[in-house]
Amino acid sequence: MSSVQSQQEQLSQSDPSPSPNSCSSFELIDMDAGSLYEPVSPHWFYCKIIDSKETWIPFNSEDSQQLEEAYSSGKGCNGRVVPTDGGRYDVHLGERMRYAVYWDELASEVRRCTWFYKGDKDNKYVPYSESFSQVLEETYMLAVTLDEWKKKLESPNREIIILHNPKLMVHYQPVAGSDDWGSTPTEQGRPRTVKRGVENISVDIHCVNDFRSVSLNLLQTHFKKAQENQQIGRVEFLPVNWHSPLHSTGVDVDLQRITLPSINRLRHFTNDTILDVFFYNSPTYCQTIVDTVASEMNRIYTLFLQRNPDFKGGVSIAGHSLGSLILFDILTNQKDSLGDIDSEKDSLNIVMDQGDTPTLEEDLKKLQLSEFFDIFEKEKVDKEALALCTDRDLQEIGIPLGPRKKILNYFSTRKNSMGIKRPAPQPASGANIPKESEFCSSSNTRNGDYLDVGIGQVSVKYPRLIYKPEIFFAFGSPIGMFLTVRGLKRIDPNYRFPTCKGFFNIYHPFDPVAYRIEPMVVPGVEFEPMLIPHHKGRKRMHLELREGLTRMSMDLKNNLLGSLRMAWKSFTRAPYPALQASETPEETEAEPESTSEKPSDVNTEETSVAVKEEVLPINVGMLNGGQRIDYVLQEKPIESFNEYLFALQSHLCYWESEDTVLLVLKEIYQTQGIFLDQPLQ
């Protein structure tokens with residue numbers, strides 16, 4: 001699940017910009033004056049605040065049709081909820097509001113739209129309210145039926161709409177400061193275009209900056225056969241929000257007071273990114289972060305299964321920047337020996353103990369403190385939460401001193417006896433780091449239910465995910481740097497995540513936050529990362545041109561050196577007698593042999609270059625099931641001019657990169673035996 005922010009395009013239209021002095025300034029409605037009246041076809045829109053302005057965005061055709069069917073069903077709108085956007089949003093018809101399902105987002109207004117207006121400087125249509133649209137439609141129906149035009153209406157905010165004829169309908173705004181004796185409405189400023197229906201308005205918007213929309217487009221172009229054969233469904237992307245709860249502590253306000261005013265955008269990026277790194281290296285905040293991430297992942301997964309009970313696909317996870325490091329640490333500390341996770345899908349309670357575990361109520365009864373169970377139940381404190389509570393926490397919910405001490409002592413003793421404990425902090429000398437600072441499965445030691453993987457992380461109790469991810473994708477990830485700083489020199493080739501089979505480290509070559517992983521698995525060998533193919537095939541043209549020029553310069557260099565070497569040998573060779581006795585057959589054969597060896601001498605460097613270019617199989621361990629781990633994107637032509645200029649931008653490029661999305665889709669579908677229609681070169 002990846003942290004994804006949805007963005008929307010503004011409406012596009014095909015009509016020209018109106019000019020004030022010609023009839024072409026108004027949209028022409030394609031209908032004859034004497035034609036019969038036909039009801040307008042409605043389309044449903046929702047309102048988003050973009051750049052502090054209201055923008056009305058159409059639902060796609062399928063969602064709009066579902067909303068219209070629910071509206072026209074005759075069952076009443078109150079209490080009717082219609083899932084839209086693939087189930088990521090619910091529309092409450094009675095309220096005319098749209099709510100996000102899986103994450104926190106401000107609710108947005110929904111409108112059944114039939115009439116629109118657009119000004120000279122507007123590049124999008126704005127729908128009238130439903131009530132006024134109905135008035136406009138009734139007036140239009142009478143005008144068409146009776147063939148009586150030049151109808152004048154006044155909007156709720158006292159603006160004038162005039163229906164001159166089916167081909168000319170305009171909207172006048174009152175001029176500020178005009179009095180009762182002022183000009184007539186038709187002379188007040190430049191008119192707006194009035195439009196009936198959604199014809200010529202794009203209602204299927206493709207958001208190029210949206211990871212989900214990019215994937216849907218790539219399905220049409222690269223997995224068309226599998227879609228036509230109904231072998232695959234779409235991949236759903238659900239964001240995991242952990243950043244907002246962490247930054248609600250007030251630290252951001254304190255940090256803003258000490259931030260210098262210069263280079264504001266860069267400092268904002270630094271505060272937003274580096275502050276999270278400091279948080280994650282703090283024992284206090286680190287526990288909060290991993291608890292928030294894991295619980296949110298479990299909550300979203302459980303909610304998704306509730307809303308999609310027939311789902312039988314797999315789940316992969318993706319993390320960007322620090323998010324990838326958090327996922328790496330959580331996956332490293334998962335346990336696969338506590339039974340089948342599939343049996344726990346319907347529960348959000350993360351089981352930490354083996355065997356028959358007594359409930360919190362049974363434990364309190366054993367301590368003769370049953371009267372306090374209602375307090376814990378009211379505060380929604382289970383055994384997992386109680387294990388994290390301090391004496392002050394229990395005091396704040398009304399537990400007296402004596403019972404507090406009994407409860408804390410009991411659960412502390414029981415936690416240690418079950419082996420679920422936090423590791424002691426690493427000393428500065430690194431005495432607890434495994435031999436040769438290796439991060440490996442063979443050197444891991446299990447203390448009860450706690451898996452000490454020796455990654456040098458602060459003392460944290462890692463929650464358990466209630467599902468096993470198929471693949472972990474890391475975008476622009478500092479995992480390699482953090483592992484190195486924690487004192488780890490190499491990753492054992494035999495190590496793999498306990499519950500996740502695949503791991504891909506994807507990065508842009510100019511990303512200042514990204515680091516490689518493979519050199520930590522094979523430290524003694526230098527080799528390049530895997531180049532991610534362009535989604536349209538082959539390499540980008542400027543990269544092919546650069547490689548061609550490099551190869552050409554090497555060939556010229558080798559040929560020039562070879563020619564110079566041949567010339568030098570011819571100058572230094574001993575001169576032959578002018579009149580030489582006839583040579584023996586052996587001598588005659590010997591000369592061609594010696595000359596035949598010279599070209600091989602000349603081409604020594606060239607052949608060595610050719611050998612270097614051969615792709616040799618490289619064993620990068622089992623972290624990705626024996627496959628390569630590091631994958632690098634191809635920079636765009638404009639980015640190659642100045643890599644420093646595009647450094648910050650490259651760290652955020654993954655969510656809009658077709659090449660990244662295609663690699664993710666390819667690897668996910670390969671787990672189901674589905675491959676690209678045509679392999680990319």
Side-chain angles (χ1 to χ4, degrees), residues 1-9 60 85-86 88 102-103 204-227 231-240 313-321 323-324 327 469-477 502-511 513-514 529-540 543 624 627-636 639 646 649-672 674-681:
M1 299 177 184
S2 62
S3 179
V4 179
Q5 296 177 350
S6 64
Q7 302 178 10
Q8 300 289 349
E9 288 181 342
N60 62 45
D85 300 272
R88 296 181 297 277
Y102 296 101
W103 58 87
D204 286 304
I205 297 176
H206 300 287
C207 310
V208 296
N209 295 327
D210 187 355
F211 204 79
R212 184 182 298 108
S213 297
V214 171
S215 72
L216 293 176
N217 293 336
L218 291 174
L219 282 181
Q220 299 292 332
T221 56
H222 292 75
F223 295 92
K224 190 173 183 179
K225 293 180 181 178
Q227 275 200 317
Q231 294 177 290
I232 59 174
R234 63 182 175 85
V235 176
E236 182 59 275
F237 298 92
L238 299 176
V240 177
V315 179
S316 295
I317 57 178
H320 175 245
S321 194
S324 64
L327 290 179
E470 297 279 348
I471 306 174
F472 167 34
F473 298 96
F475 302 147
S477 173
F503 174 45
F504 290 83
N505 182 40
I506 302 169
Y507 61 93
H508 190 282
F510 302 156
D511 189 339
V513 182
M530 292 291 290
L531 186 68
I532 300 177
H534 190 265
H535 65 283
K536 294 184 179 179
R538 302 181 61 85
K539 293 181 181 178
R540 293 184 184 270
L543 295 180
N624 192 23
Q627 301 182 62
R628 293 292 301 272
I629 300 171
D630 292 337
Y631 287 77
V632 61
L633 290 166
Q634 303 178 38
E635 72 270 19
K636 297 178 181 178
E639 295 173 340
F646 292 93
Q649 181 179 334
S650 67
H651 183 59
L652 306 173
C653 73
Y654 306 98
W655 305 116
E656 58 185 21
S657 166
E658 293 95 338
D659 301 347
T660 301
V661 178
L662 184 57
L663 176 62
V664 170
L665 293 178
K666 180 175 75 73
E667 296 301 329
I668 288 176
Y669 284 131
Q670 278 186 3
T671 62
Q672 303 177 7
I674 305 297
F675 300 91
L676 293 168
D677 292 342
Q678 293 182 350
L680 298 176
Q681 297 180 354

Report task. Could you check I317 against V240 for side chain to side chain contact (heavy atoms under 4.5 Å, CB included), going step by step and ending with a plain yes or no? Result -> CA-CA 10 Å; I317 57 178; V240 177; over 6 Å; no
Requested in this report: Please report the shortest heavy-atom distance between I674 and A226, naming the atom on each side.
Outcome: CG2-CB, 3.7 Å
Requested in this report: For side chain to side chain contact (heavy atoms under 4.5 Å, CB included), just list the numbers for Q634 and L531, CA-CA rounded to whole Å, side-chain angles, deciding distance to a tenth of an Å, and then say yes or no.
Outcome: CA-CA 7 Å; Q634 303 178 38; L531 186 68; 3.6 Å; yes
Query raised in the report: Taking the side chain from T671 and the backbone from I668, do they hold a donor-acceptor pair closer than 3.5 Å?
Result: yes
Query - Any V315 side-chain heavy atom under 4.5 Å of P469 side chain - result: no
Query raised in the report: Looking at W655 and H320, what are the two nearest heavy atoms and their distance?
Result: CZ2-CB, 3.5 Å
Query - Any donor-acceptor pair under 3.5 Å from H651 side chain to A514 backbone - result: no
Query - Stepwise salt bridge (charged side-chain N to carboxylate O under 4.0 Å, His left out) check, R212 with E236 - result: CA-CA 7 Å; R212 184 182 298 108; E236 182 59 275; 2.9 Å; yes
Query raised in the report: Taking the side chain from S324 and the backbone from F475, do they hold a donor-acceptor pair closer than 3.5 Å?
Result: no
Query raised in the report: Are Y507 and T660 close enough that some pair of their side-chain heavy atoms sits under 4.5 Å apart?
Result: no
Query raised in the report: What about Y654 and H508, are their ring centers closer than 6.0 Å?
Result: no
**Report entry** Heavy-atom closest pair, residues Q672 and I232
**Finding:** OE1-CG2, 4.4 Å
**Report entry** Euclidean distance, K225 NZ relative to L676 CG, rounded to 0.5 Å
**Finding:** 11.0 Å
Query raised in the report: Quick one: are E635 and F510 in side-chain contact, heavy atoms under 4.5 Å?
Result: yes
Requested in this report: Over all heavy atoms of both residues, which pair between D511 and G476 is shortest? Give the atoms and the distance, please.
Outcome: OD2-CA, 3.2 Å
Query raised in the report: Going by heavy atoms in the side chains, are K666 and F675 under 4.5 Å from each other?
Result: no
Query raised in the report: Is F223 close to Y669 at the side-chain level, that is, under 4.5 Å between some pair of heavy atoms?
Result: yes
Report task. Start with the C-alpha gap between L633 and C653, add the side-chain angles, then the distance that decides, and say whether side chain to side chain contact (heavy atoms under 4.5 Å, CB included) holds. Result -> CA-CA 10 Å; L633 290 166; C653 73; 4.2 Å; yes
Query raised in the report: What are the two closest heavy atoms between P529 and V632, and how far apart are they?
Result: CG-CG1, 3.7 Å
Report task. Identify the heavy atoms of L662 and L218 that sit nearest to each other, and give their distance. Result -> N-CD1, 3.7 Å
Query raised in the report: Could you go step by step and tell me if L216 and R234 meet the side chain to side chain contact (heavy atoms under 4.5 Å, CB included) rule?
Result: CA-CA 7 Å; L216 293 176; R234 63 182 175 85; 4.0 Å; yes
Query raised in the report: Partners of D630 by side chain to side chain donor-acceptor pair (under 3.5 Å), sequence neighbours excluded?
Result: N505, R516
Query raised in the report: Are side-chain heavy atoms of R88 and L238 found at a separation under 4.5 Å?
Result: yes
Query raised in the report: Do any N or O atoms from the side chain of N624 and from the backbone of F503 form a donor-acceptor pair under 3.5 angstrom?
Result: yes
